[in-house]
Amino acid sequence: RLPGQSFASNQPAGHPVPSSFAGPTSNEALLVWVAEVVALTTPNAVVWINGSDEEWAAMAARLVDAGTMIKLDAYPDSYYAASDPDDVARVEGRTFICSVDEKDAGPTNNWMEPAQMKEIMSDLYQGCMAGRTMYVVPFCMGPLDAADPKLGVEITDSEYVVGSMRIMTRVGDEALRLIESVDTFVKCLHSVGAPLAPGAADVTWPCSDTKYITQFPEERTIWSFGSGYGGNALLGKKCYSLRIASAMARDEGWLAEHMLILKLISPEGDVSYIAAAFPSACGKTNLAMLEPTVPGWKVEMLGDDISWMRFGGDGRLYATNPEFGLFGVAPGTGWHTNPNAMRTIEKGNTIFTNVARTDDGGVWWEGMTKQAPDHLIDWKGRDWTPSGVDAQGNTLESAGEPAAHPNSRFCTPITQCPMIAPEYNSPVGVPISAIVFGGRRKTTIPLVSQARDWQHGVFLGSTMGSETTAAATGQVGIVRRDPMAMLPFIGYDAGDYLNHWLEIGKHADQAKLPKIFYVNWFRRDAEGGFLWPGFGENSRVMKWIAERLSGKAAAVHTPIGLVPAVGALDIDGLEVDGRPMSTEQVKQALAVNVDEWKKEIPLIEEWFAFLGETLPSGMSDELAGLKTRLGLL
Ligand code: PEP
Ligand code: NA
Ligand code: MN
């Protein structure tokens with residue numbers, strides 16, 4: 001088969017639809033489904049994606065011709081895309097868990113009856129690919145040689161999605177060969193929802209004002225309509241690897257989590273694998289690629305967003321990263337904050353979305369360098385200068401706006417990361433020693449604490465709060481509860497999800513379970529300044545965590561858990577604003593302030609009440625215990 005060979009349908013109206021559709025597979029279920037989607041969406045042509053470089057080169061050239069992508073001179077095989085200004089982030093308000101029973105979607109998800117949703121969306125899909133090419137993208141989440149490979153096929157009418165899926169997952173012939181031999185693959189249907197009338201001119205970023213991001217957990221099916229952006233459209237990512245996979249994991253006894261995976265190596269060569277959950281745009285990519293400032297310590301990266309964890313034969317919890325690429329938030333990523341991400345991007349093969357462009361064919365975003373270049377083209381395609389004024393002194397339309405959208409992204413192959421752990425592609429994964437939860441909180445939550453045991457750790461994860469970011473549409477900076485950073489991604493009832501976490505712990509050998517920690521890099525002092533410098537200095541916290549695991553670091557009990565004993569956190573040589581960090585400031589960063597906790601308790605109570613009757617009793621027990629220790633009961 002030639003790269004990109006198409007199996008043109010060209011069905012004239014009224015032409016009988018074949019019962020199955022020609023394709024490079026003998027999997028009848030797949031062929032029938034493709035035929036059904038062709039009949040429903042009426043594309044001009046159907047192309048099966050084989051995943052070859054030649055195929056992508058030809059497609060990228062067409063996308064550049066069409067104006068959808070701009071080729072960047074500064075990096076090899078790299079492209080820039082600007083989305084529609086109304087299609088820049090995940091749309092949680094338009095995201096649905098269509099379980100058969102409403103109670104199985106729980107209070108944290110939007111729900112609609114599956115049949116009703118299918119009726120609404122089938123109407124939207126009717127003829128929605130007219131004038132466009134339909135792509136069939138076979139993919140595998142996780143290593144191709146896994147014992148139980150998690151397969152999928154995304155049907156999409158977006159070439160941008162094909163190019164991004166190709167980076168983010170293992171796509172093409174190898175995945176299709178696996179699908180050949182199994183019956184179970186997740187059907188992922190995506191359309192930008194913008195049919196083209198004959199002869200009509202296309203826009204560079206087709207999408208629709210009507211958007212639906214729908215998961216059918218029992219059927220293991222995903223239907224997405226109207227958006228071309230990130231997690232709304234790259235269906236292997238959030239929709240499959242978190243929402244659908246969390247339902248699979250509940251049924252099969254494992255965990256599908258919103259977690260980075262890193263390998264921490266001590267100066268003595270001791271290795272700890274750590275998984276860490278943070279809400280979107282709270283520094284997961286930066287932590288995954290940490291460059292320790294503590295002498296002798298090393299970090300290697302295995303994943304920056306999603307972790308699937310299963311018990312191994314030895315009773316330990318093993319993590320794999322289902323993804324194959326990084327879809328990182330660009331703003332804030334720079335040589336001073338995340339040099340490894342910069343090195344990864346520099347190698348090329350990257351698709352940038354909604355960043356700003358430099359005059360020499362490169363990219364820029366807020367936080368890449370301290371000083372912005374003198375002139376940029378902003379993400380909306382307008383001239384932009386740091387002062388907001390052009391050379392003639394005229395105020396620019398872009399004045400006062402950021403050059404890059406706050407949720408602009410780089411999509412780049414994980415294999416290009418210079419500090420990737422050699423075992424990143426292991427089909428069994430790596431044994432996890434510590435799980436870290438973290439949110440973005442100005443107050444209350446100390447820099448680091450350790451859970452007393454698994455149930456207490458699940459409680460810490462369940463009560464996690466974080467200020468909202470630009471990664472989802474809606475107001476930024478308000479604290480919302482985000483259990484395990486999974487609020488937008490739990491594919492079933494949140495109380496049942498917490499119970500599943502408890503069950504995982506109950507059936508394990510307690511000594512082999514990962515220890516659970518809770519961090520907050522974002523605590524501020526009374527003047528609003530950050531109490532902790534973050535970034536590479538977070539290695540000091542990681543060191544304390546590793547030394548807790550090996551029994552070397554001291555901790556003291558507090559009402560909320562174990563915090564570093566005085567002197568246990570290594571602040572040797574740590575400078576803040578050019579001055580050595582004072583022990584007083586460390587104390588503030590680690591403080592358990594009872595007055596702050598008195599304000600926190602009602603918020604947790606309100607959250608638990610919202611979760612309702614499926615909240616496991618273990619969680620209310622933990623809350624009662626916390627109140628007792630704080631002297632509130
Ligand atoms: C997205 O927004 O599309 C996405 C993939 O992830 P996140 O929100 O976690 O950054
Ligand atoms: Na609901
Ligand atoms: Mn994420």
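Counting starts at 1 for both ligands and their atoms, in listed order.
One option in Lys237, Lys238, Arg90, Met168 has a heavy atom closer to atom 2 (O) of ligand 1 than any other, and that option is Arg90.
For ligand 1, the atoms closer than 4.0 angstrom to any heavy atom of Gly230 are 3 (O). In summary, the atoms of ligand 1 found under 4.0 Å from a heavy atom of His258, numbered by their order in the structure, are 9 (O). Using a 4.0 Å cut-off to heavy atoms of Ala471, the atoms of ligand 1 that qualify are 2 (O), 8 (O).
Contact between Lys284 and ligand 1 is absent, with no heavy atom of the residue lying under 4.0 Å from the ligand.
The nearest protein atom to atom 7 (P) of ligand 1, hydrogens excluded, is given as Ser280 OG, 3.2 Å; this is a heavy-atom distance. Given atom 3 (O) of ligand 1, the protein heavy atom at minimum distance is Gly231 N, 2.4 Å.
By the 6.0 Å contact criterion, CD on Glu291 is enclosed, its count of non-hydrogen atoms from other residues, nucleotides or ligands being greater than 12.
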Going through the distances and angles, do Phe352 and Arg409 end up as a side-chain contact (heavy atoms from CB on, under 4.5 Å)? CA-CA 6 Å; Phe352 297 93; Arg409 302 280 176 149; over 6 Å; no
Pair Val161-His190, side-chain contact (heavy atoms from CB on, under 4.5 Å): steps then yes or no: CA-CA 9 Å; Val161 165; His190 171 253; 3.8 Å; yes
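In this structure, Trp607 and Phe610 have parallel ring planes: the angle between them is below the 30° cut-off, well short of the 60° mark.
For Trp308 (side chain) and Ser241 (main-chain N/O), a donor-acceptor pair under 3.5 Å exists by modelled atom type.
In this structure, OD1 of Asp305 and NZ of Lys238 enclose an angle of 100° at the Mn ion (ligand 3), rounded to 10°.
Looking at every heavy atom in both residues, Asn340 comes nearest to Thr344 through O-OG1, 2.6 Å.
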